[in-house]
Novice: 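Below: one structure in structure tokens.
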Amino acid sequence: MARIGVVSISDGRGHVHARNAEFIQSKQDALVASLRAAGHEVVVGADLVATNSLAVSVAREVAAADVDVTVFYYAVWSFPHFTMLAADATRSPLVLVASTDPTEPGLVGMLAAGGALDQIGRRHTRAWGAPDDADLAAKIGVHAQASAAVSSLHGSTFGRFGGRPMGMNTAVANTDQWMRKFGVDVEEIDQYELVLRAEQADGAEAKKAREWIEQHAAGVHYDGDKLTPELLERQIRSYLAIRDIIDERNLDFSGIKAQPELTENFATMDVTEAFLNDPYDWNGPKQPHVCATEADMDGALTMQLFKAISGTPVLFADVRHYHADRDIWDLCNSGQHATWYAARSDDPAENLSKVNFYPEVFFFPAGGASVQHIAAPGEMTLGRLTRENGEYRLQLMLGEFENYDEATNKTLVDQSTPEWPHAFARLDAPGEVFLSKFGANHIHAVPGDHRAALRAVAEQLDIRLDEWSRGSGS
């Protein structure tokens, strides 16, 4: 949940404020109680704002509590310049909220304040309703959740292992733009560091992990060539190595180029990336660490935002194929799907019971295991941050992951690369629109409908939102 500041704005005439103070306080108390009932931490202004000096001091006090969003509350007619002064004293996103009690002109106060903020270009969101309305609390909560996600990027560090993979322009972003727009620094790390650390990693730990995988997976299909116990342990040691580097360099999220250097001379990073993104490994529960394959910077940034909004691992995939006869997309990428997506269970054993570790295919001469499963069904939010003419946009849609009987699943996976993980997605976007306009070969997904929060993210980042649905026709 989020931390929400609440500041109530009043009338500047002393006698009017004295008459209204109890009314304002009762409405504010009901709003605060509703927000707290929704699970949020609420920081309440020390006084009702009825003077210019209070507008500044109360707003500064709330801002000092490092709130995710600040609510300016209007239960009565309120002097607009109090809002202007209070807005100048806080840097968090603003939500102007009006009481709809018709006995007092709270809507008038909000509209006057909002218009004043529009005139100076101060971005804000508006909401209205009864203070104890759960829907109103939910709307405020969405903006606070979005603000917390955006704020979590600022001061973070992305670890970029290797450079641009296979000429993939969409995997590379401008580091200056990242710092200016998102507050994210980029630490460049040569892939040799990963190889060197992997060779020095704890062999006993790697053996323990391999045996845990063998015990719980649907199958580990050794072939004596592309997949051997030694190669699987090399991939596990790579995971241990990057975990050490993450801790030493305080990396918040990362990406690994892999192709072609590692995939042709060392091992694939499938196992490494899958377990980094998972909420567990052989040592028990852990926080997922977003790691994008092919060092996809905008992919990793999207995943980091999606993780902050959803609180779950984030799926990364290629848009591999469109089965027009079924209106189904095959989202498939070598190893990047966290094993959690196999069943989306809190029990690793349940997820791994649906995961096969197959020998890698001809793309990757160095070999290693691919992490294969079919993603569990359910409602999904899908999208990606992409760029058009150098400017960021959020391309967003709702969808469903589907799963079928064994024969149908096999027919579908055999049409692409059966050794890799697959998510069969029905998108709430026309195929022609998606293929004509989507700005990358990689797409990302999280369970549930998180579009409201992500719309707020786009608004707070001041980036364009491209939201597609069949109803919109665009």
Side-chain angles (χ1 to χ4, degrees), residues 93 121 123 125 146-147 149-150 152-154 156 158 160 163-186 253 255 257 290 292-309 314-322 329 331 333 336 380-399 425 427-446 449-474:
R123 300 178 67 86
T125 302
S147 176
V150 171
S152 72
L153 294 180
H154 285 267
S156 65
F158 173 71
R160 185 169 179 249
R164 186 179 71 174
M166 302 181 295
M168 199 179 296
N169 293 63
T170 54
V172 181
N174 183 319
T175 57
D176 292 339
Q177 187 178 24
W178 265 32
M179 178 54 70
R180 181 176 64 251
K181 190 78 175 173
F182 309 108
V184 178
D185 187 37
V186 179
F253 59 122
K257 178 188 178 187
V290 162
T293 197
E294 294 164 335
D296 183 346
M297 294 177 67
D298 285 341
L301 187 64
T302 304
M303 293 171 73
Q304 191 74 346
L305 274 173
F306 277 24
K307 174 189 162 188
I309 291 294
V314 186
L315 185 133
F316 177 119
D318 279 333
V319 183
R320 176 63 179 269
H321 181 66
Y322 178 50
W329 299 84
L331 309 182
N333 180 278
Q336 183 61 45
M380 294 283 155
T381 301
L382 302 101
R384 180 182 166 94
L385 289 166
T386 64
R387 284 164 285 146
E388 184 176 44
N389 196 27
E391 297 297 324
Y392 272 95
R393 59 191 177 178
L394 175 61
Q395 299 187 296
L396 182 65
M397 69 211 79
L398 197 65
L427 302 182
D428 188 20
E432 183 177 354
V433 170
F434 181 89
L435 288 172
S436 298
K437 296 186 176 182
F438 195 64
N441 51 304
H442 295 154
I443 192 168
H444 316 282
V446 286
D449 184 355
H450 298 282
R451 290 175 298 170
L454 288 165
R455 291 178 194 124
V457 165
E459 181 181 354
Q460 291 176 23
L461 287 171
D462 192 19
I463 62 177
R464 190 175 98 204
L465 176 67
D466 288 350
E467 187 172 350
W468 302 324
S469 67
R470 296 184 186 278
S472 69
S474 63

Novice: Taking C-beta and beyond as the side chain, do Trp178 and Met297 meet within less than 4.5 Å on heavy atoms?
Specialist: yes
Novice: For the atom pair CD1 (Ile443) and CG (Asn333), what is the distance rounded to the nearest 0.5 Å?
Specialist: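 That separation rounds to 12.5 Å.
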Novice: Is there a side-chain contact between Leu315 and Phe306 in this structure, where contact means two heavy atoms from C-beta onward sitting under 4.5 Å apart?
Specialist: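 Heavy-atom side-chain distance check fails, nothing below 4.5 Å.
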Novice: I want to check something: taking the side chain as every heavy atom from C-beta on, are Lys437 and Asp466 in contact at a cut-off of under 4.5 Å?
Specialist: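 A side-chain contact is absent here, since even the closest heavy-atom pair is not under 4.5 Å.
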Novice: Give the minimum heavy-atom separation between Val290 and Ala300, together with the two atoms involved.
Specialist: CG1-O, 3.7 Å
Novice: Please check this pair: side chain of Ser469 against backbone of Asp428, looking for a donor-acceptor N/O pair closer than 3.5 Å.
Specialist: no
Novice: In terms of relative ring orientation, are His444 and Phe316 parallel, tilted or perpendicular, with 30° and 60° separating the classes?
Specialist: perpendicular
Novice: Start with the C-alpha distance between Ile309 and Val446, add both sets of side-chain angles, then the distance that settles side-chain contact (heavy atoms from CB on, under 4.5 Å), and finish with yes or no.
Specialist: CA-CA 9 Å; Ile309 291 294; Val446 286; over 6 Å; no
Novice: Rounded to the nearest 0.5 Å, what separates atom CE in Met380 from atom NE2 in His450?
Specialist: 9.0 Å
Novice: So does Gly439 get a backbone contact from the side chain of Gln395, meaning a donor-acceptor N/O pair under 3.5 Å?
Specialist: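 Checked: pair present.
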Novice: Can you tell me how far apart CG (Leu394) and CG (Leu305) are? Round to the nearest 0.5 Å.
Specialist: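 CG of Leu305 is found 8.5 Å from CG of Leu394.
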Novice: Under 3.5 Å, is there a donor-acceptor pair between the side chain of Ser147 and the main chain of Pro93?
Specialist: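 No, the answer is negative, given that no donor and acceptor are paired below the 3.5 Å cut-off.
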Novice: Starting at CG of Leu398, measure out to CG of Leu382 and round the result to the nearest 0.5 Å.
Specialist: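 One gets 7.5 Å once the value is rounded to the nearest 0.5 Å.
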Novice: List the atom of Ser152, the atom of Ser156, and the distance in Å for their closest heavy-atom pair.
Specialist: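 Taking every non-hydrogen atom into account, O-CB, 3.9 Å.
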Novice: Report yes or no: does Lys181 contribute a side-chain atom to a donor-acceptor pair with the main-chain N or O of Leu461 at less than 3.5 Å?
Specialist: yes
Novice: Going by the side chain to side chain donor-acceptor pair (under 3.5 Å) test, name the single residue among Arg160, Arg164, Arg384 that passes it with Asp296.
Specialist: Arg384
Novice: Which residue, Asp185, Val184, Leu301, forms the side chain to side chain contact (heavy atoms under 4.5 Å, CB included) with Phe158?
Specialist: Val184
Novice: I'd like to know if the side chain of Glu391 reaches the main chain of Arg464, judged simply by a donor and an acceptor atom lying under 3.5 Å from each other, with no hydrogens or angles considered.
Specialist: no
Novice: Could you measure the distance from the CD atom of Glu294 to the OG1 atom of Thr170? Nearest 0.5 Å is fine.
Specialist: 9.0 Å
Novice: Is it true that Asp298 and Arg387 make a salt bridge, defined as a side-chain N closer than 4.0 Å to a carboxylate O?
Specialist: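 A salt bridge is present here (some side-chain N lies under 4.0 Å from a carboxylate O).
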Novice: Could you tell me whether the side chain of Asp449 and the main chain of Arg451 form a donor-acceptor pair under 3.5 Å?
Specialist: yes
Novice: What are the two closest heavy atoms between Tyr392 and Ala173, and how far apart are they?
Specialist: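 It is OH-CB, 3.6 Å.
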Novice: Hey, would you say the Phe434 and Tyr322 ring centroids sit under 6.0 Å apart?
Specialist: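 Ring-ring flag for Phe434/Tyr322: false, centres at least 6.0 Å apart.
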Novice: To the closest 0.5 Å, what do you measure between CE (Met166) and NZ (Lys257)?
Specialist: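 Interatomic distance, Met166 CE to Lys257 NZ, rounded to 0.5 Å: 9.0 Å.
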Novice: Is it the case that the side chain of Asn174 and the backbone of Asp176 share a donor-acceptor pair, with hydrogens and angles ignored and the cut-off at 3.5 Å?
Specialist: yes
